[in-house]
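Predicted model only: the values in this text are computed from it and were never measured. Every number for a ligand or one of its atoms is a count from 1 in the order of the listing.
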Amino acid sequence: MYLATDDTICAIASAPGGAARGVVRVAGNETIAVVSTCFIAEDHATPLDQVRHASAIAGKLRIEAFAAPIPSTLYLWPGTRSYTKSPMAELHTIGSPPVLEAILQSLCQGGARLAQPGEFTMRAFLSGRIDLTQAEAVLGVIDAAAPEQLDVALAQLAGGLARPLQDLRDRLIDLLAQLEAGFDFADEDLHFVTADDLQRQLQEAAELVETLAGQTASRAHGEAAIRAVLAGRPNVGKSSLFNALIGTAGALVSPQPGTTRDYLTAELDLDGVRCRLIDTAGMASTENEPCPVQRAAEQTAAEQRRQAHLQIVCLDSTGPIDEQQCEQLALTDADRSIVVLTKTDLPRKTNPLQGAIETSSVTGAGIDALRAELRLAVLRADAADGDVVVGTTVRCRESLRLAAECLGRCRRLLDDGSGEELIAAELRVALDELGKVAGAVYTDDVLDRVFSRFCIGK
Ligand SMILES: Nc1nc2c(ncn2[C@@H]2O[C@H](COP(=O)(O)OP(=O)(O)OP(=O)(O)O)[C@@H](O)[C@H]2O)c(=O)[nH]1
Ligand SMILES: [Mg+2]
């Protein structure tokens, strides 16, 4: 439904609602003609159809619905050096919704049609201006809920996966060309690439695909990428904190130390930033020899701590902090952990601990502060772990997985001494899959899925 790219589209590009400034965007070959139907440049300006370079032109809009002309600045990209690589314009004017609607109506009467959501960015993609990872990054920039997410999205917009993917595709295209050149001389048994060389190049390509897939892996839509684990001695109140954070009594709580044996996880939404919260069995002090069940529980807990990106280290404020705990605290990575003093509604035996968040799962004191701290830590961990915008990469990941499978099959075919024709066929499929990520090939389906999530005007 999106594939017509030769007509001229228009949409309001500024945020909905009243504002000091509103922007209407137009793109397509007839941009200048369409804009000329309502925009009048100031007297001394070059006529619009003679503008050759990107220009800002002061003038006014004459709209049927309004008696008085409306002051406006036209930003015009008359050639292909625009976001969509086609003539493009933006009318900047007062941000009044009825005015902006009337401008749209006027542009449509002048020959434009209303743009679909994301259609400007889709044109940028189809014209080769940006690749699909960057298109998704545009979405990330628009959707960014926090400055850190914006940083990540902007980094991706500047390059992200695109560069290494392009290099990889270029190398595989060379390899395919060499293989295919060999087919032409099959009778003479002439080879343009040795089996060893082919094997080495395939292996390198497979490794690179795996690295790229790894970069996108944790960003899948369904699961929150960042894991935060509750750690601490038995009975310090981890499960109570787990329940307080998720807002339901999901974990069993009791005065008996060693209540939690297995681990428990829940998705935690921290004002739009998601993480997976994990409750584990307590770590007994080394003085007491644990029973076998407790030992197994502790091993499971240790594994969860190892896999987690963040630790919420819980200390019981009703008991003294011993030397072993002090040592452990000194060893924790400040960027990756949050220290919490629990049960602060009870008479306390610990001194205040610098940087620790004081909480009570009974009164709810400090729970909001903990959520806020955790939110920041999740964003930090998210930003540190890669350069792919959160939640936009399931499709890229799937293509990378398929490409990796094809490369694996290529290598096996080579090992088995199968014909190079079969290897070339697999390589072509791998290239196709990589192309879907890089934007060189696309299907309506992919376009629909990515661009329908944009808002109109972007
Ligand atoms: N007064 C008070 N009691 C608490 C608080 N948090 C936990 N408790 C009590 O402390 C005991 C242990 O709590 P849990 O949440 O089960 O502790 P845990 O760290 O999960 O313990 P294990 O699962 O055995 O490792 C229970 O009796 C809770 O009711 C708190 O903030 N205030
Ligand atoms: Mg517990």
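Of the protein's non-hydrogen atoms, the one nearest atom 28 (C) of ligand 1 is Val253 CG1, 3.5 Å. For atom 16 (O) of ligand 1, the closest non-hydrogen atom of the protein is Ser254 N, 3.4 Å. Remark: minimum distance from atom 23 (O) of ligand 1 to any protein heavy atom is reached at Thr260 OG1, 2.7 Å. At the top of the distance list for atom 3 (N) of ligand 1, counting protein heavy atoms only, stands Val362 CG2, 3.9 Å.
Every atom of ligand 1 with a heavy atom of Gly282 under 4.0 Å away is listed here by number and element: 25 (O). Listed by number with element, the atoms of ligand 1 under 4.0 Å from a non-hydrogen atom of Gly237 are 7 (C), 13 (O), 14 (P), 15 (O), 17 (O), 18 (P), 19 (O). Taking a cut-off of under 4.0 Å to the non-hydrogen atoms of Val236, the atoms of ligand 1 that pass are 19 (O). Taking every non-hydrogen atom of Leu346 and a distance limit under 4.0 Å, the qualifying atoms of ligand 1 come out as 1 (N), 2 (C). Proximity to Ser239 (heavy-atom distance under 4.0 Å) selects the following atoms of ligand 1: 15 (O), 18 (P), 20 (O), 23 (O).
Residue Lys343 has at least one N or O atom closer than 3.5 Å to an N or O atom of ligand 1. Among the atoms of Lys238, some N or O lies under 3.5 angstrom from an N or O of ligand 1. The N/O atoms of Ala281, backbone and side chain alike, include none that comes under 3.5 Å of an N/O atom in ligand 1. Checked against a 3.5 angstrom limit, the closest N/O atoms of Pro234 and ligand 1 fall outside it. Where the criterion is an N or O separation shorter than 3.5 Å, residue side chain and backbone included, Asn235 meets it with respect to ligand 1.
For residue Ser239, an N/O/S atom approaches the Mg ion (ligand 2) to within less than 2.8 Å.
For the residue pair Arg411 / Gln199, a side-chain donor-acceptor distance below 3.5 Å is found, with atom types taken as modelled. In summary, the side chains of Thr318 and Asp316 do present a donor paired with an acceptor at a separation below 3.5 Å, with no hydrogens or angles considered. Ser317 and Arg348 share no donor-acceptor pair across their side chains, judged by distance under 3.5 Å alone. Side chain to side chain, His92 and Arg21 meet the donor-acceptor criterion of an N or O pair below 3.5 Å.
With contacts defined as side-chain heavy-atom distances shorter than 4.5 Å, the pair Ile338/Leu310 does not qualify. Here the side chains of Asp279 and Leu241 are not in contact, with every heavy-atom distance at 4.5 Å or above. Contact annotation: the side chain of Val26 never approaches that of Glu90 to less than 4.5 Å [non-hydrogen atoms, C-beta and beyond].
Closest heavy-atom approach to atom 31 (O) of ligand 1 among the candidates Ser240, Ala365, Ser361: Ser361.
A salt bridge does not link Asp415 to Arg412: none of the charged nitrogens lies less than 4.0 Å from a carboxylate oxygen. The existence of a salt bridge linking Glu433 and Arg401 is excluded, since no basic side-chain nitrogen approaches an acidic carboxylate oxygen closer than 4.0 Å. Under 4.0 Å is where a charged nitrogen must lie from a carboxylate oxygen, and between Asp322 and Arg233 at least one such pair does.
With Leu172 as the fixed residue, the side-chain contact (heavy atoms from CB on, under 4.5 Å) test singles out one of Val209, Asp167, Leu208, Leu407: Leu407.
Residue contacts with ligand 1 include Asp345, since one or more of its heavy atoms lies under 4.0 Å from the ligand.
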